[in-house]
Amino acid sequence: MQEQKSFTDYKVQLRQRILNAAMEAFGGNGVKSTKMDDIAATLGISKRTLYEIFENKEKLLFECISYYDAQRRQQLTTFMGHPGHDVVDIIVYLYRNSIREAGKVKPTFYVELVKYPQVTEYLMAQRQRQHDEFMDFIRRGVSEGYFRSDLDYDLIAQVLNNQGRYMHSEQLWERYTFEELVFNMLFVTIRGICTAKGIEKLDRLTANAE
C-alpha cells in the first residue's frame, strides 16, 4: 500500500514537473520549435515516460494552458477579494503581471496556439466567461466611483478584443515592446472609461509601476 502511494505521489510530482518545464519551453521557444524530445531531455526522463503521461504534444500544450489559466485565475481572485483592493489596484496588478509574463514568453507563442484545435476550442469557450467577468468588473468600478456610468461597455469590450486581434494580425511586437503596446493601446482605452477619481489614481499607480 505504501509503495503504491509512493508511486502515485511520484507520478503526480512528475506530471507537475513536466507541466512546468513544458510551459517554460513553449513560452520561451515557441510551440513549433519545442519538441517532446527536448522536454524529456530537460527533465532527464525518457520520451516513453513523457508519452505515458501526455499522449501527444497538443495534449501537453492544452494541459499547460488550462493549468496556468486556472492558476492565474486563482491568484487574481485572491487579489480581487482583498478588502483593500479596488478596481484600479486590480488593473495595475494585471498590468504588472502582464509585463512580467511578457519577458518570459515569445509573442509567436500566442499566434501558434490557433494551430491546435483542442487549445483553440478551450480558448474560445473562455470568451463568454471573460466577457461576463469584464462586465462584472465594470459594474464594480462604476459602484466604486472609478468608472464612468454613461458608456456602452459591450461596445468597449469589443474594442478591447479587437485591439488584441490587431496587435497579433499586424505583428506589432516586431516594432514595439509589449509594455509600449499595452500602455499605448490598452491603457488609452482604460483611462478613457475612468472618472476623474479613477484617472488620478491610475496615473499615480502606473507612474509608480514604471
Side-chain angles (χ1 to χ4, degrees), residues 23 26-28 30 65 68-114 123-124 126-210:
M23 193 61 187
F26 287 141
I65 296 294
Y68 279 94
D69 181 44
Q71 211 176 37
R72 284 193 299 267
R73 283 171 54 77
Q74 181 56 53
Q75 291 167 353
L76 177 59
T77 298
T78 299
F79 187 88
M80 291 179 69
H82 190 284
H85 294 156
D86 55 43
V87 292
V88 180
D89 294 311
I90 295 165
I91 290 169
V92 175
Y93 167 85
L94 290 170
Y95 171 66
R96 288 171 172 160
N97 278 4
S98 296
I99 298 303
R100 204 159 33 236
E101 183 176 288
K104 303 176 183 177
V105 180
K106 290 180 65 173
T108 51
F109 166 77
Y110 300 104
V111 177
E112 292 174 336
L113 293 182
V114 300
L123 294 176
M124 289 181 64
Q126 305 308 304
R127 288 181 183 173
Q128 185 59 49
R129 172 186 60 76
Q130 290 167 351
H131 176 78
D132 293 342
E133 290 175 348
F134 174 77
M135 297 306 292
D136 287 341
F137 184 69
I138 291 298
R139 283 188 284 270
R140 174 175 171 175
V142 171
S143 69
E144 290 177 349
Y146 291 109
F147 295 157
R148 293 168 54 176
S149 60
D150 59 340
L151 300 176
D152 184 339
Y153 285 105
D154 278 311
L155 175 57
I156 289 169
Q158 293 180 53
V159 170
L160 291 171
N161 284 333
N162 285 324
Q163 282 183 347
R165 291 193 185 101
Y166 178 77
M167 182 175 69
H168 286 295
S169 67
E170 297 299 313
Q171 299 184 352
L172 295 181
W173 59 79
E174 294 182 350
R175 285 173 280 162
Y176 305 96
T177 66
F178 182 76
E179 188 168 2
E180 288 172 331
L181 291 172
V182 170
F183 200 82
N184 288 278
M185 295 177 68
L186 177 61
F187 261 65
V188 168
T189 305
I190 294 297
R191 196 173 186 276
I193 71 174
C194 287
T195 60
K197 173 185 173 182
I199 291 173
E200 185 280 326
K201 182 166 186 178
L202 184 64
D203 287 351
R204 173 164 46 83
L205 292 184
T206 52
N208 293 336
E210 292 174 354

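All values below come from the heavy atoms of this structure, side chains included, with hydrogens, waters and symmetry mates left out. Given the structure is predicted, the values throughout are model-derived calculations rather than measurements.
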Over all atoms of both residues, closest heavy-atom pair of Cys194 and Leu202:
SG-CD2, 4.3 Å
N-O pairing of Arg129 and Asp132 below 4.0 Å
no
For the atom pair CD (Gln71) and CG (Leu76), what is the distance rounded to the nearest 0.5 Å?
13.0 Å
For residues 77-88, pull every pair meeting side-chain hydrogen bond (donor to acceptor under 3.5 Å, both in side chains), keeping only residues two or more places apart or in separate chains.
Gln74-Thr78, Asp86-Tyr146, Asp86-Lys201
Side-chain contact test, heavy atoms from C-beta onward, threshold under 4.5 Å: evaluate it for Leu160 versus Phe134 and give yes or no.
yes
Yes or no on side-chain contact (heavy atoms from CB on, under 4.5 Å) for Met135 and Arg139, after CA distance, side-chain angles and deciding distance?
CA-CA 6 Å; Met135 297 306 292; Arg139 283 188 284 270; 3.9 Å; yes
Fit a plane to each ring of Tyr93 and Phe79, take the angle between them on a 0 to 90° scale, and name the class: parallel (under 30°), tilted (30 to 60°) or perpendicular (over 60°).
parallel
Can a side-chain donor-acceptor contact be found between Asp154 and Gln158 if the only test is distance below 3.5 angstrom?
no
Does any N or O in the side chain of Thr108 come within less than 3.5 Å of the main-chain N or O of Gly30, such that one atom is a donor and the other an acceptor?
no
Which residues satisfy the side-chain hydrogen bond (donor to acceptor under 3.5 Å, both in side chains) test with Ser98, sequence neighbours excluded?
none
So Glu101 and Phe178, do their side chains get closer than 4.5 Å, heavy atoms only?
no
Quick one: CD1 on Ile193 to CD1 on Ile138, what's the gap to the nearest 0.5 Å?
4.0 Å
Only pairs under 3.5 Å count here: list side-chain donor-acceptor contacts from residues 166-175, not counting sequence neighbours, and write none if there are none.
from, atom 1, to, atom 2, distance (Å)
Ser169, OG, Arg165, O, 3.2
Ser169, OG, Tyr166, O, 3.2

Can you tell me how far the CE atom of Met23 sits from the CD1 atom of Ile65, to the nearest 0.5 Å?
4.5 Å
Quick one: closest heavy-atom pair of Gly192 and Arg148, and the distance?
O-NH1, 3.6 Å
Over all heavy atoms of both residues, which pair between Lys197 and Glu144 is shortest? Give the atoms and the distance, please.
NZ-O, 2.9 Å
To the nearest 0.5 Å, what is the distance between CD on Gln126 and CD on Glu133?
9.0 Å
Could you tell me the separation between the CD1 atom of Ile91 and the CD1 atom of Ile190, rounded to the nearest 0.5 Å?
5.0 Å
Between Arg72 and Gln75, does a side-chain hydrogen bond (donor to acceptor under 3.5 Å, both in side chains) hold up when you go through it step by step?
CA-CA 5 Å; Arg72 284 193 299 267; Gln75 291 167 353; over 6 Å; no
Can you give me the closest heavy-atom contact between Glu180 and Asn184, atom names plus distance?
O-ND2, 2.7 Å
Residues Phe26 and Phe109: closest non-hydrogen pair is O-CD1, 3.4 Å
Nearest heavy-atom approach of Phe187 to Tyr95 is CE1-CD1, 3.5 Å
Could you measure the distance from the CG atom of Asn161 to the CD atom of Gln130? Nearest 0.5 Å is fine.
8.0 Å
